[in-house]
There are 2 protein chains.
Amino acid sequence: MLSQALSSSPILLPLAHTKRCEAPAPRTLEEHFSRAPVRSFAAKEHVFTEGDPRSNLYRVEAGAVCLYKVMGDGRRQVLGFAYPGDLIGLGACNDHQCNAQVTKPTQLRSVAWNTVQRLARQEPALALKLYEAMCEELAAAHDLLLTTGQRSAAERVAIFLLAMVRRSRRTGQDATVIDLPMTRADIGDFLGLTIETVSRTFTKLRHLQIIDLAQSARVHVLDIGALEGLAQGEVDL
Amino acid sequence: MLSQALSSSPILLPLAHTKRCEAPAPRTLEEHFSRAPVRSFAAKEHVFTEGDPRSNLYRVEAGAVCLYKVMGDGRRQVLGFAYPGDLIGLGACNDHQCNAQVTKPTQLRSVAWNTVQRLARQEPALALKLYEAMCEELAAAHDLLLTTGQRSAAERVAIFLLAMVRRSRRTGQDATVIDLPMTRADIGDFLGLTIETVSRTFTKLRHLQIIDLAQSARVHVLDIGALEGLAQGEVDL
DNA sequence: CGAACCATTGACCACCTTCAATGCGAGTGG
DNA sequence: CCACTCGCATTGAAGGTGGTCAATGGTTCG
């Protein structure tokens, strides 16, 4: 494959589609989600933190969530971002292994974790779906590993922007304009770079007419070919 | 938690233990493995490569396997190492997502992938086990991400050595002497460093009497406390 | 013994980080 | 409405860590 790189980890489970059911008892995970109330979170609020008991599985309805780990001395590694349709809070052990912080006003729905477990035991198909979801997350983690371990700052930023463009395309947006829902610090901690390096790289891309930055959070992609060239290490800045 | 760091990815599935069954048809995955013939691989042989159809699930019986990905220009990221008891070749999609290369003479057993799938569909418990195995692999990938993304060369090497010490302890060896089954290049590509940096870091540790290197592949850990201090970034080299 | 491979060591330098100052925008209160 | 503040982003200068290139050394295997 090599590589949907940074396919933006968490997972959109292709479960049975909503059936607009009016009343019968919820049977599929999808049905549970559909009838769960929407919970709103303000920017910077945490959905859960590392070590919390895994009480719920969440689905992002709107907004964006940043998943990260921290080291004792404060250094932080962002593991990925979750967008509408993505599930967060998946995992096998009893406690959450990372922090989930909302990066802008966000709506979530949740299903109790023991409900998920019960469904998974009843429905082998759901267990397999969860397994597949983890596999995708693992693939995303491996891609990120390749990126942070081996690539230059310019490559990392280009790959990140291209991943955002692809996301934008999939959700049917104008793919040339991206609204970044996270800060430079989030991007830096995701890519294993400092805020300053991220900012400087953006500036270089702007000077090269590869992107434009009307506002710091709004990226216009002017030359996606150049971005792809950078992402593959074919050129330097 | 924070962090079994570099818990050396692949997974030792705590499946039903071998029951020394003499004849009846194999029912559990464990039974399938037990009666599979042992296949031997020479150092540097590949078990599978990226893009190969996922034909088998493998269990390491003896030796060591290096799992890695490569980029177009040859840069390589080692995702982890598999040791006796670990499974390799797990994943949801039809093709392998990484390369698996034996680093020293190694024995494996394998079970056909469609057998694994059939068992997983019959036994919800096995599907959940596979799910848990993936979760552990994901946790390992996240730990490695934290390491390659945020830590200094000395921290990375210290963490790597400590992970080897823990492994050694678990398998009941003398934990102060570690025989590294991989080259400096493997270690470097694992930690996101060059061969030279790995080598220089080993040398520094030797000069500080933290380790001793009788041979380049044999590490005597002289001061594990110092190693732990380094791993947590409490001291610099 | 020679060859091949791997590890070590050294010198140099590039890239990224660090530290510091300035700029910009949004939200708040006077 | 404006001034103020706070958080975030940008920009600059200096320095260090780790990378690159190159030569040497050591081990294993023929």
Side-chain angles (χ1 to χ4, degrees), chain A residues 42-45 66 73-78 101 103-105 147-158 160 179-207 211-219 230 233 235-237, chain B residues 42-44 66 73-77 101 103-105 147-158 160 179-207 211-219 230 233 235-237:
Chain A
K44 316 207 64 176
E45 249 187 291
C66 172
D73 57 4
R75 283 175 292 178
R76 194 174 73 125
Q77 176 68 46
V78 170
Q101 184 182 32
T103 64
K104 68 173 188 182
T147 296
T148 60
Q150 307 296 139
R151 305 180 113 108
S152 71
E155 291 175 278
R156 298 185 203 190
V157 171
F160 173 75
D179 281 298
L180 300 176
M182 72 293 279
T183 67
R184 296 288 186 270
D186 292 328
I187 299 173
D189 290 342
F190 183 50
L191 300 176
L193 300 171
T194 60
I195 302 177
E196 294 94 329
T197 302
V198 173
S199 184
R200 272 188 257 269
T201 308
F202 275 153
T203 303
K204 281 185 202 162
L205 294 178
R206 185 158 52 76
H207 288 153
I211 63 172
D212 189 28
L213 287 166
Q215 312 153 55
S216 66
R218 172 157 295 182
V219 181
L230 276 174
V235 270
D236 289 357
L237 280 197
Chain B
K44 316 207 61 173
C66 171
D73 57 5
R75 282 175 291 181
R76 194 174 74 125
Q77 176 67 46
Q101 184 181 33
T103 64
K104 69 174 189 180
T147 296
T148 59
Q150 306 297 139
R151 306 178 114 106
S152 72
E155 291 175 279
R156 298 185 204 191
V157 171
F160 172 74
D179 279 298
L180 300 175
M182 72 292 280
T183 67
R184 297 289 187 269
D186 292 328
I187 299 172
D189 290 342
F190 182 51
L191 300 175
L193 300 171
T194 59
I195 301 177
E196 293 93 331
T197 301
V198 173
S199 184
R200 271 188 260 268
T201 307
F202 275 152
T203 301
K204 281 186 203 161
L205 294 177
R206 184 159 52 80
H207 287 153
I211 63 172
D212 188 28
L213 286 166
Q215 313 153 55
S216 65
R218 173 157 295 182
V219 181
L230 275 173
V235 270
D236 289 358
L237 282 197

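- For the pair A:G188 and A:V198, the tightest heavy-atom approach, listed with the atom from each and the gap, is CA-CG2, 3.6 Å.
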I'd like to compare against my own output: the B/S/- annotation of nucleotides 12-29 of chain D with a strict under-4.0 Å heavy-atom distance to protein. BB----SSBB--------
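- Heavy-atom minimum distance, B:R184 versus B:S216: NH2-O, 2.6 Å.
- The shortest non-hydrogen separation linking B:T148 to B:G192 is CG2-N, 4.3 Å.
- Here the shortest heavy-atom pairing between A:F190 and A:Q77 reads O-NE2, 3.0 Å.
- For the pair A:F202 CZ and D:dA9 C1', the computed distance is 11 Å after rounding to whole Å.
- One N or O on the side chain of B:R75 and one on the backbone of A:Q150 form a donor-acceptor pair closer than 3.5 Å.
- Computed from coordinates, the A:L180 CG to D:dC8 P distance equals 15 Å when rounded to whole Å.
- Across all their heavy atoms, B:D186 and B:T103 have their closest contact at OD2-CG2, 4.0 Å.
- Bracketed by its first and final contacts, the part of DNA chain C lying under 4.0 Å from non-hydrogen atoms of chain B reaches from C:dC6 to C:dA11 in 5' to 3' order.
- Nucleotide D:dA9 holds its C1' atom 13 Å from the CG atom of A:D186, rounded to whole Å.
- Across B:L180 and B:I187, no two heavy atoms sit closer than the pair CD1-CD1, 4.0 Å.
- The backbone N or O of B:L191 lies less than 3.5 Å from a partner atom in the side chain of B:R156, making a donor-acceptor pair.
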